[in-house]
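Written below as structure tokens is the structure these notes are about.
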Amino acid sequence: MDHQCWADHSCGFAARLVVLLLVLLISTFCQAQPLIHLSSSMADVSTGMSVRYLEDADHAYTLEQVRREPQASRFAPLPDGKSNFGVSGSGFWLRIDLKNSGDEPLVSLLEVVHPHWDHVTFYTDGGAVQSGGDHLPIANRAVAAESNLYPVTTPSGGVQRVWVHLSYNQPGLAETKLSLWTPDEFAQHYAKRYFLIGSFIGMGVLVVFYNLLIGYSTRMPEYIWYTLYIMAAMMALLANTGLGYRYLWQGSTEFVDLAPILFSLLTLVLATQFTRSFLNTRGSQNIDRLLQSLFVFAALAMLCYLFGERGYALKLTLLYALATVLFPLIGIWRYKKGRSDARFYVLGWSVWSLAMLIAVTRNVGLIPADFVTNFSPPLGFCIEGVLLSLALADRINYLKQQKEAAELLHITHLQQEQEELERLVSERTAALEQAMKQAELLAQTDSLTGVLNRRAFYELGEKELERARRYQTPLAVVMIDLDMFKQINDNHGHATGDRVLIAAINLLQTLTRSADLFGRIGGEEFALLMPQTHLHEAAELAERLRAALEGLEVCVAALTVRVTASFGVAAIDVSNESLAEAMGRSDEALYRAKAHGRNCVELASAATIKNAALSQTRT
């Protein structure tokens, strides 16, 4: 018995030992991370796929804690390699391993690219702790630069582990991108970066002086707003690149946090005010009130910041910037209203819209932060500045042409005799009549599909019914409803639904006669009124329409959408029946077609007019 107990005890101990070894093996495997192989020439080498991160939501971890279990095994790869976590108030620990396979020690610079972290701390095994962040003067950093840099010396044949801790006092943009440089490569990059930003600022200064001179000579308020907007945009560029902190407000911790939001909002507000002034949006109260409502966004963002909610302030600022992407639509609207000088505004602000879209999507983490996405906004700003300067110059030409045209017209009117005046009045009257006809045509047409709208269909349909009643000629009506159209809108969006709707109606119109009336009665419901047509002829046409629509394929980008329709056909009793009653019977037949499985044609029953009217009431 003793021997048996000893054997059982030994087996149990061996099993526990094996389990312990497996746990240790798995733990070691989980902590393993890719090595970053250093070289003697590194320029903006991204560490994204080799970084392991740990989010510290409560700012509670110390270096000793993250080096040991259980936190050490909680370090994970960046999600899909993306380093941007949007607006966040968490702290972030980053961990990388550097491998020097060379024969000599290598000195590399590890850069935290985003310059607005409040606190940045670098740790290495056995190395001195280095601090950074925009709450620390640049002179006190390991490397005096706008971004946070840490020199790392890796011995030959050795592996150097580096931890980086990033945090905000209040929520901010959590961009955790790290890059590796050799000192010489970084020095060259730094010089190029200064040259590029200096070029942007120089162009902005030239645009400011140019527009100040023209604004002073013309006294046009548009130039004042535009000059202020350019100045605010330059300050926003300085704030967002860290140059403002280095050269203008270094040492002011409160202002270094406020500056990116303050100057970004000021740029957006002045851009909105310039748009209102240049395009004279006061002519449309709805659009002008919509633009004024954006000022509320700016006020709310500043209030959120002042009350300690920087995260909400950033989100409101990003929403405001996203709204300005739609400004070119206002320019197009004004251009179509006869403002020919709006064309340069549309072109310039389209460039701005693209730049803002890149900036917003970069800041929320949808696209990576790299050289292109970082410098696209200031480049777009410079291009837009030149184009808007052309727009302002074109505005002067436009006003000059208007003045000259008015003077010429006035002289011409004074010199004209009564006969010429009467001729002009006659021409104006004819033009007015033509415009009224055009306006009447537009009032009768559905804006999306181009067919008759509901009101026009009923008005013209009643006239056609009176003609058929007078001459006792046959008249038929077909109700058409696209099947399951709501699913297309729900699954693929209303833009795709509109494309499908237009394609379907264009196809149906090609199969109808010019004498037929085709109108949109509801969302996806249409009516076809066919003079000189008996019931069987209308049914045959409806079947051809159904078959043609069944074979239609609408391609929207990479998506192919098919659609079918149900048809209800009725012959109108022109002697005793109204158009509404006949359409009610046709609609009832349409419902039967849908009840029978859709994609089919049903004929209206020969019901009494009273029943037809009741059917119309139910509809």
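If you read the sequence from its start, that first residue is 1, and numbering goes on from there. Because the structure is predicted, anything quoted here is derived from the model rather than measured.
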Notebook entry, point to check: Are any of the side-chain heavy atoms of Leu258 and Met302 separated by less than 4.5 Å?
Noted result: yes
Margin query: Quick check: Trp181 with Phe186 (ring centres under 6.0 Å apart)?
Written below: yes
Check: More than 12 non-hydrogen atoms from neighbouring residues, nucleotides or ligands closer than 6.0 Å to OH on Tyr335, yes or no?
Finding: no
Check: Under the 3.5 angstrom rule, does the side chain of Ser277 hit a backbone N or O of Phe274 as a donor-acceptor pair?
Finding: no
Check: Distance from His119 atom NE2 to Ser131 atom OG, nearest 0.5 Å?
Finding: 10.0 Å
Margin query: Looking only at the side chains, is there a donor atom on one of Ser179 and Glu111 sitting less than 3.5 Å from an acceptor on the other?
Written below: no
Note to self: Please give me the minimum heavy-atom distance between Ala313 and Ile261, naming the atom from each residue.
What the structure shows: CB-CD1, 4.1 Å
Item checked: Flag for Asp257-His135: side-chain donor and acceptor within less than 3.5 Å -> yes
Note to self: Given 3.5 Å as the limit, does a donor-acceptor pair link the side chain of Asn148 with the main chain of Gly133, or not?
What the structure shows: yes
Notebook entry, point to check: Any luck finding a side-chain donor-acceptor pair between Gln292 and Arg289 under 3.5 Å?
Noted result: no
Check: Minimum heavy-atom separation for Arg276 to Arg282, with atom names?
Finding: NH2-NH2, 3.9 Å
Check: Under 4.0 Å between a Lys/Arg side-chain N and an Asp/Glu carboxylate O for Asp446 and Arg455?
Finding: no
Check: In this structure, which one of Leu329, Leu279, Thr281 forms a side-chain contact (heavy atoms from CB on, under 4.5 Å) with Ile287?
Finding: Thr281
Checklist line | Spacing of CG belonging to Leu448 relative to CG belonging to Asp498, to within rounding of 0.5 Å | finding: 4.5 Å
Note to self: According to side-chain hydrogen bond (donor to acceptor under 3.5 Å, both in side chains), who are the partners of Lys192, at least two apart in sequence or on a separate chain?
What the structure shows: none
Notebook entry, point to check: Given side chains that start at C-beta, do those of His165 and Val120 come closer than 4.5 Å, heavy atoms only?
Noted result: no
Check: Between the main-chain N or O of Ala321 and the side-chain N or O of Thr324, is there a donor-acceptor pair closer than 3.5 Å?
Finding: yes
Margin query: If you compare all heavy atoms of Ser88 against all heavy atoms of Glu55, which two are closest, and at what distance to 0.1 Å?
Written below: OG-OE2, 4.1 Å
Check: Side chains of Lys177 and Val51: closer than 4.5 Å at any heavy-atom pair?
Finding: no
Margin query: Is it the case that the ring center of Phe457 lies less than 6.0 angstrom away from the ring center of Phe518?
Written below: no
Next item on the list: Verify the neighbour count for atom CE of Met235: are there more than 12 heavy atoms of other residues, nucleotides or ligands below 6.0 Å?
Entry: yes
Next item on the list: Can you see which heavy atom on Val346 is nearest to which on Ile332, and at what distance?
Entry: CG2-N, 3.5 Å
Notebook entry, point to check: Is a side-chain donor or acceptor of Trp117 paired with a backbone partner of Glu175 at a separation under 3.5 angstrom?
Noted result: yes
Notebook entry, point to check: In Å and rounded to the nearest 0.5 Å, what is the NZ to CG distance from Lys486 to Asp490?
Noted result: 3.5 Å
Notebook entry, point to check: Mind checking whether Met234 and Leu238 have side chains closer than 4.5 Å, heavy atoms only?
Noted result: no
Check: Should the ring pair Trp249 and Phe255 be called parallel, tilted or perpendicular, given that the plane angle runs from 0 to 90° and is split at 30 and 60?
Finding: perpendicular
Check: Pro171 versus Tyr312: any side-chain heavy-atom pair under 4.5 Å?
Finding: no
Checklist line | Side-chain donor or acceptor of Arg310 paired with backbone N/O of Tyr305 under 3.5 Å | finding: no
Item checked: Any donor-acceptor pair under 3.5 Å from Arg141 side chain to Gly132 backbone -> no
Checklist line | Side chain His116, main chain Leu173, donor-acceptor under 3.5 Å | finding: no
Item checked: For the student: nearest non-hydrogen atoms of Val563 and Ala504, plus distance -> CG1-CB, 4.4 Å
Notebook entry, point to check: In Å, rounded to the nearest 0.5 Å, how long is the span from CG of Leu318 to CG of Leu322?
Noted result: 8.5 Å
Checklist line | Aromatic plane relationship, Tyr229 with Tyr226 - under 30° parallel, 30 to 60° tilted, over 60° perpendicular | finding: tilted
Check: Can any side-chain N or O of Thr267 pair as donor or acceptor with the backbone N or O of Ala232 at less than 3.5 Å?
Finding: yes
Next item on the list: Test side-chain hydrogen bond (donor to acceptor under 3.5 Å, both in side chains) on Thr272 and Tyr320 and set out the steps.
Entry: CA-CA 10 Å; Thr272 305; Tyr320 193 160; 2.8 Å; yes
Next item on the list: Decide yes or no for Ser167 and Asp118: does some side-chain heavy atom of the first lie under 4.5 Å from some side-chain heavy atom of the second?
Entry: no
Notebook entry, point to check: To the nearest 0.5 Å, how far apart are CD in Glu459 and CG in Leu517?
Noted result: 12.0 Å
Next item on the list: Report yes if the side chains of Ile138 and Tyr245 come closer than 4.5 Å at any heavy-atom pair, otherwise no.
Entry: yes
Check: To the nearest 0.5 Å, what is the distance between OG (Ser447) and CZ (Arg520)?
Finding: 7.5 Å
Note to self: Ignoring hydrogens, what is the shortest heavy-atom contact between Thr317 and Leu268? Give both atom names and the distance.
What the structure shows: O-CD1, 3.9 Å
Margin query: With a 4.5 Å cut-off on side-chain heavy atoms, are Val451 and Thr445 touching?
Written below: no
